[in-house]
Amino acid sequence: MVLLDENGIRCDGRKVDETRRVMIKAGGLKNADGSAYIEFGDNKIVAGVFGPRDVHPKHMSDTDTGILRVRYHMEPFSVGERKNPAPSRREIEISKVIKEALEPAVMLEMFPRTVVDVFIEVLQADGGTRCAALSAASVALADAGIPMRDMVAACAAGKVADTVILDVNNEEDQAGQADMPMGYMPTLEKITLLQLDGILTPEEYEKCVEIGIKGCMQVYELQKKALSEKYFNNENGRGGSGRGQKR
Amino acid sequence: MDVRRRYVIPGDTITSGPYRPEQNVTLVGDKKIVSTAVGVSEIYDNTVKVIPLAGKYIPKINDLVVGKVITHTSLSWELDINSCYVGFLPATDVFGRDFSAHADELATKLKTGDLVAARIANFDRTRDPLVTISDRDLGKIDSGELVEIAPGRVPRLIGKRGTMIQTIETATDSIITIGQNGRVVVACDDAEGLLKAKKAIRMVNSMAHSTNLTEKVREMLESGNDAPREAATERREDDKE
């Protein structure tokens, strides 16, 4: 497979600094306190938030602050071959990194002795689910009315054919040279998630961070739009057609 | 100049002027005041706040709340106050100072499932909110229907100096108890008035962000008044025939 042709066009027809089509919808689940749905290319992910609420089991509660629990889970039908629904090593890791990426934004100290539960279900996976899941979880938290210092937007950068690219898809992740998912708080200008699978030179790393942040800003605009559409009915000049950017 | 009112989401910078941050905003750096919730930002006098459009009720001392009795021990009741914390109502508050855990049975006063109008007496980060019912107009709610709205919409239901709630009460001849926790009890002798008041409250809940809402509610109440009356007259005429 040609990951990058001589014209700088990638295997799915994108340019090197282009994200996939992104669509975010806030709300949608009736029984959760807050929820969001995201389509990030072929990724389809739902996030639901409960809380702040009582902590069970009680011994997990903290008298000084609230706690955040995140469960990232892939449906058995989310990938080509059936995935065992039991939490895998990878899912436990992603739950942990998403939790740690959200924690700087969520003002848990306002609710001591409580928990905020975030449930993320991946319905369809196509590479870059942790970024898409983090973006959706952030919208779901805002939808639940949980105080946050900033939104968290996420997008990956990477390297294929010795070229730094934005938003790595499944093929590029498998056959490429590096994948670097990033979570970013746009107003505070802080990175909350940064992982790297592969090898980058310091220059390539700098470039990845730079275009990764650009990707996060694009996702952030769509997060804003999703919340505006639900809460403000497109008043205030915000909002749009409900669809995300097109390729 | 800063915009007085606008829609914001978490992380939106409201102003970097010399204002005092109040509810649902946080200070970033030295100057920047940022929203922490989805809602409407308001700059008033020298303060900045955000009126949230989502979120749970957070108890505040002196708030009137409508609680539901969950359970009781031999010394106190626990009230569900639609929050992340349970309200704690001590038995001495109801029985008086000479309460005895041996002699007095709590279930005789308040049973599980009872609705109670209560006031938050004390609340801080270290303990669950302490509520009291020893005040005028507080205590067990015997009659009326419960309507739940989003806690963030309660100020809208009350309106500026109580205009909205007065409009609904006078138009439907009902008595409405509004808990700051988003629980509203409507008491009305007339079944039609009760339905109309409930409809008006739900309307405020769903249209909280629209402008001139009091007028819209008044219109709805008045038009609603006319329609059933016309129908009733027609029916009476039919009977005559």
Side-chain angles (χ1 to χ4, degrees), chain A residues 26-27 33-35 49-55 61 63-66 105-107 109-116 138-153 184-190 220-221 223-239, chain B residues 3-14 16 21 23-29 32-41 49-60 70 78 80-86 123-129 150-153 182 206-211:
Chain A
D33 292 331
S35 57
V49 168
F50 288 95
R53 61 180 181 182
D54 258 2
V55 191
S61 74
T63 48
D64 294 333
T65 177
V106 184
M107 300 168 85
E109 67 281 0
M110 287 175 70
F111 309 102
R113 292 169 284 116
T114 63
V115 62
V116 174
S138 171
V139 175
L141 283 165
D143 182 41
I146 290 161
M148 288 160 85
R149 290 180 188 86
D150 201 352
M151 297 294 287
V152 182
Y184 184 65
M185 294 195 283
T187 309
L188 304 180
E189 297 179 352
K190 287 201 161 91
Y220 174 56
E221 289 305 318
Q223 289 179 320
K224 281 210 276 202
K225 200 165 103 181
L227 287 167
S228 301
E229 268 165 15
K230 177 169 175 196
Y231 285 98
F232 314 139
N233 294 350
N234 292 338
E235 288 177 49
N236 205 24
R238 278 187 155 168
Chain B
V3 188
R4 298 279 131 185
R5 279 170 78 100
R6 77 185 171 97
Y7 295 114
V8 289
I9 67 161
D12 276 356
T13 307
I14 301 166
S16 19
Q23 299 111 41
N24 301 308
V25 291
T26 185
L27 204 61
V28 172
K32 225 157 71 171
I33 298 173
V34 164
S35 166
T36 63
V38 182
V40 184
S41 72
K49 67 172 178 183
V50 170
I51 302 153
L53 289 174
K56 284 209 165 166
Y57 169 68
I58 299 161
K60 258 201 345 262
I70 311 168
E78 273 181 18
D80 163 21
I81 53 167
N82 198 22
S83 170
C84 45
Y85 302 107
V86 289
F123 174 63
D124 60 42
R125 309 174 42 87
T126 60
R127 69 198 77 200
D128 281 345
R153 315 255 156 111
S206 58
M207 295 170 67
H209 57 271
S210 58
T211 48

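By convention in this document, chain letters (A, B, ...) are assigned in the order of the sequence lines, proteins followed by strands, and residues within each chain are numbered from 1.
Interface check for chain A: of the options Thr26(B), Val40(B), Val38(B), the most heavy-atom pairs under 4.5 Å are formed by Val38(B). Of the residues considered (Ala37(B), Pro10(B), Gly39(B)), Pro10(B) shows the highest number of contacts with chain A, using heavy-atom pairs under 4.5 Å.
Side-chain contact between Asp150(A) and Val34(B) is absent, with no heavy-atom pair separated by less than 4.5 Å.
Atom CD1 of residue Ile9(B) and atom CG of residue Asp143(A) lie 11.5 Å apart, to the nearest 0.5 angstrom. Rounded to the nearest 0.5 angstrom, Asp54(A) CG and Asp128(B) CG are separated by 7.5 Å.
Here the closest non-hydrogen pair linking Thr187(A) and Lys32(B) is O-NZ, 3.8 Å. Scanning both residues, Asp124(B) and Arg113(A), for their nearest heavy atoms gives O-NH2, 4.2 Å. Shortest non-hydrogen contact noted between Met110(A) and Tyr85(B) is O-OH, 4.4 Å. When all heavy atoms of Ile58(B) and Phe111(A) are compared, the pair lying nearest together is CD1-CE2, 3.5 Å.
Both the backbone and the side chain of Ala142(A) come within contact range of chain B, with heavy atoms under 4.5 Å apart. For a residue to count as touching a neighbouring chain, one of its non-hydrogen atoms must lie under 4.5 Å from one of that chain's; by this rule Ser35(B) touches chain A with the backbone only. Neither the backbone nor the side chain of Leu141(A) comes within contact range of chain B; no heavy atoms are under 4.5 Å apart. Both the backbone and the side chain of Met148(A) have a heavy atom closer than 4.5 Å to some heavy atom of chain B. Heavy atoms of Ile146(A) lying under 4.5 Å from chain B belong exclusively to its backbone.
No donor-acceptor pair under 3.5 Å is formed between the side chain of Thr36(B) and the backbone N or O of Pro147(A). Judged by distance alone, with hydrogens and angles left aside, the side-chain atoms of Arg125(B) form a donor-acceptor pair with the main-chain N or O of Glu109(A) at under 3.5 Å.
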